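Take a look at the structure below.
Chain A is the first sequence line, chain B the second, and so forth, proteins listed ahead of strands; every chain is numbered from 1. Values reported hereafter were calculated over all heavy atoms of this structure, with side chains retained and with hydrogens, waters and symmetry mates removed. Remember, predicted model here, so these are calculated numbers, not experimental data.
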Protein chains: 2
Amino acid sequence: MIRVMIADDHQLFAEGLSQALNSLPDARVVGVINSGPALEDALRTQPAEVSIVDIEMPGGDGIAAIGSIGNRTRAIVVSMHASDDQKERAAGAGAKGFFSKAVPLATLAAAVRAVADGKNLIQLSEEERDQVLDTYREAQLDPGAASLTAREREILQLLAIGVSATDELADRLYISQKTVKNHLASIFQKLAVSDRTQAAIEAIRLGIAKPS
Amino acid sequence: MIRVMIADDHQLFAEGLSQALNSLPDARVVGVINSGPALEDALRTQPAEVSIVDIEMPGGDGIAAIGSIGNRTRAIVVSMHASDDQKERAAGAGAKGFFSKAVPLATLAAAVRAVADGKNLIQLSEEERDQVLDTYREAQLDPGAASLTAREREILQLLAIGVSATDELADRLYISQKTVKNHLASIFQKLAVSDRTQAAIEAIRLGIAKPS
DNA sequence: CCGGTCATGGGTCGGCAGACTCATCGGATC
DNA sequence: GATCCGATGAGTCTGCCGACCCATGACCGG
């Protein structure tokens, strides 16, 4: 689980991003703050592997904040109006990544994983960076969840949207009820749960079910 | 259920906000687009009661987009650098609300509910506006969920964190298994579900369970 | 070709889940 | 004070759920 701190004076952006990252199965936002100086304080009481910092903040901007937190966290800088100049300054302060706020959420999520894994993205060319990010696009699931088969995942998806009865699951998948129960039994083992209610909750938490 | 469309060229912001609004029990984001002109197209195929539009977008800015969508949707304008000038222009184009991106998410959520309910917030003074918003801070739950009793809500919270067995629920609440089953029966009726798995999913969707 | 894994399916069995009806008691409401 | 509702609890019964064991055919990697 990657602990993430967000620093941005635009609350709407910060809270939205927080919700979005929290919905990833392998990340957890542990703090949302609205100014640069507060970042250092927050990190003292609440450690985080990765911090996402807006470069444009009032009261001592993001760059200064990054410089002061040093090695307590790895910083990813985001900017509204991304420029090469800003990128240079971010790199100089020790940031490990630099992104425009115009990039898709999936890209930032991949960057968070890459940076948490020790990668430094900021000195790479765009092609190199995208290549690295591609290897981090998928969430690192729990060991149990990672070993789920395709069919088991299918059943979990149905479970998570409320298809809970064995006969309904069997109907939807065109298999017998016996097979459904067999699959469920392996799911219970792999997820370390004891019934389909807990399995459904786990499926939602792990992001196996698509809410949209 | 309030259908919401989001138009913002900063994908990170748009997707983050989308996730955040989707996590509300009474709103659903039906589209996220990244330019002004695309808003009109999107609304033609996918109706939405409320649209959240960034005033600063390349390729014909948000103001023009709002003017062209007229009465198909009610627009709330958000801006990075909120100014009175921008607010005037938004009001002139027919927007029903105007907010800085620095406001908390809860405020925007309340605004979405207010605007969906027919309120026009843009001509109000700050005090008047906050007064109106205060009446919309709470999500309008489904009729069924709204009538849940305190005890029923307690059971749902436990269910949603994986306490699924009757005897465990009884232990945690210091009541008999019989009573647990009686409460569950009323919950099933009120939420229109048929077993505790579906109830747990509904509880999560309705925000009855606290994830953090 | 052989071993492993996956999807499919069968059988059995104990036990819990859900549906239905009812009772008591306290607090609120009128 | 009569009434309603919420919380507590009980009894009964059908049937599904979960646990355990096993079999077969397909596929894949060595």
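Salt-bridge formation is detected for the pair B/Asp54/B/Lys101: a Lys NZ or Arg NE/NH1/NH2 atom is positioned less than 4.0 Å from an Asp or Glu carboxylate oxygen. For the pair A/Arg74 and A/Glu49, the salt-bridge criterion is not met [side-chain N within less than 4.0 Å of a carboxylate O]. Salt bridge absent: B/Glu126 and B/Arg129 never bring a charged side-chain N and a carboxylate O closer than 4.0 Å.
In the set D/dG9, C/dG18, C/dA7, the nucleotide with an atom closest to the side chain of B/Ile175 is D/dG9. In the set D/dC17, C/dA7, C/dA17, the nucleotide with an atom closest to the side chain of A/His183 is C/dA7. Distances were taken from every side-chain heavy atom of A/Ala150 (C-beta onward) to each of C/dA17, D/dA19, C/dA7; the shortest belongs to C/dA7. Minimum atom distance to the side chain of A/Arg196 is reached by D/dG18, of the listed D/dG18, C/dA17, D/dT8.
The distance between atom NZ of B/Lys190 and atom C1' of D/dG6, rounded to the nearest whole Å, is 9 Å. At whole-Å resolution of the value, CD in A/Glu154 and P in C/dA7 are 9 Å apart. Taking atom NZ on A/Lys178 and atom P on D/dA19, their separation rounds to 14 Å, with Å as the unit. A straight line from CG of A/Asp167 to P of D/dC16 spans 7 Å, rounded to a whole angstrom. As rounded to whole Å, 7 Å separates atom P of C/dA19 from atom CZ of B/Phe188. Between the P atom of D/dT8 and the CD1 atom of B/Ile187 lies a distance of 12 Å, rounded to the nearest Å. Following rounding to the nearest Å, A/Lys181 (NZ) and D/dC16 (C1') show an atom-to-atom distance of 7 Å. Residue B/Arg151 contributes atom CZ, which lies 17 Å from atom P of C/dG26 at whole-angstrom precision.
For the OP1/OP2 pair of D/dG18 and a distance below 4.0 Å, the side-chain nitrogens and oxygens of A/Ser194 include no atom meeting the criterion. One finds no side-chain N or O of B/Thr179 lying less than 4.0 angstrom from the OP1 or OP2 phosphate oxygen of D/dA7. Considering only side-chain N and O atoms, A/Thr149 lies under 4.0 angstrom from the phosphate OP1 or OP2 of C/dA7. Distances shorter than 4.0 Å separate some side-chain N or O of B/Thr166 from OP1 or OP2 on C/dA17.
Between the side chain of A/Thr73 and the backbone N or O of A/Ala48, at least one donor-acceptor pair lies under 3.5 Å.
Backbone-only engagement by A/Asp195 is indicated by non-hydrogen atom pairs under 4.0 Å involving sugar-phosphate atoms exclusively.
Each of A/Ser164 and A/Asn182 was matched to the nucleotide of DNA chain D holding its nearest heavy atom; the match closer to the 5' end belongs to A/Ser164.
Side chains of B/Thr197 and A/Thr197: a donor-acceptor N/O pair is present below 3.5 angstrom, by distance only.
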